[in-house]
Amino acid sequence: MSPRAPLVWPTQALSEALTAVWPAAQVEVVQSVTSTNTVLMNWARAAGPEGVPRLLVAEAQTAGRGRLGRTWLAQPGASLTFSLALPLAPTDWSGLSLAVGVALAEALDPCATPLSAQTPVARIGLKWPNDLWLLDPQAPGRKLGGILVETVVVGTLRWMVLGVGLNVHPQEGAAPAGVRPACLAEWLPDITVPAALTCVLLPLAQALKQFESAGFAPFVPRYAARDLLHGRMLTLSHHPELTHGLAEGITHEGALRVRSAQGISLIHSGEVSVRPCEPEFVPIAPLEDAA
Ligand code: BTN
């Protein structure tokens, strides 16, 4: 395995991005933790009313966690792994993790927003509910990253701990082609792990502020522009009644709309796992079709 160069973190710039939105916010970069989400969930539980928003970035995790109790594996230095803890008070929490996906995708791939006519094809797509995928017109899309949102009530506040794992460089070692995750460097060869964080942090913070004041509504068309499940047949796991159906976009609450013989079902639960039936083809919709 070739050793990677030490990572250089622009902590001043990261701090400025965060304090532009939350003036008291703190930034910490560590070499290794169990899981940035676990550490910040424990920290939030112990935080009093004076607790401030906190970003924890780790170059490596020994017990990284994904959705549905899965393990999140990333080789040290190959992935961006961070969590952000803050008290949040939206009137409706529905769609939070989808809004985060929109913010990350737009920050990394700004040309493919509904407002841009320059590049009407997204390279980063969103797979409901929490995945970022790297899309390619010539090949199947593959998972690029994931989002894990957890919350805890502390006194009168609800703290959110938002964890992001984003593959930046290839993982060393062979993996079967079908399961090899994508990485940003396939598309942006000069990207570094710290640069990826610098790119997403301010837009992410601004999106969380927007979500807190306006909910998911402003993100709905932006999600639709990158919704890689739209129009595809799905296989569903862990759903009590549905095993297959056609994805017909998302609702204003962030639920997945699925058409089947039973009619239209709305899938709200993040406990349900969905995957496209034809992994060999991920459509890349022109924005005018998707919006
Ligand atoms: C998923 O796709 O299942 C979500 C993956 C989330 C992984 C990130 S890495 C940083 C943060 N700490 C964790 O333990 N998990 C999240």
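All residue numbers in this chain count up from 1 along the given sequence. This structure is a prediction, so every number in the text was calculated from the model and none was measured. Both ligands and their constituent atoms are indexed starting at 1 by order of listing.
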Have [X] and [Y] got a donor and an acceptor in their side chains that come within less than 3.5 Å?
X    : Y    : result
T34  : Q61  : no
S35  : N37  : no
R158 : T151 : yes
Q210 : Q206 : no
S273 : S237 : no

request  = State the CD-OG distance between E28 and S15, to the nearest 0.5 angstrom.
outcome  = 12.5 Å
query = Applying a heavy-atom distance cut-off of 4.0 Å, which protein residues contact ligand 1?
reply = S35, T36, N37, Q61, G64, R65, G66, R67, W72, T81, F82, S83, D131, K143, G146, I147, L148, G163, V164, G165
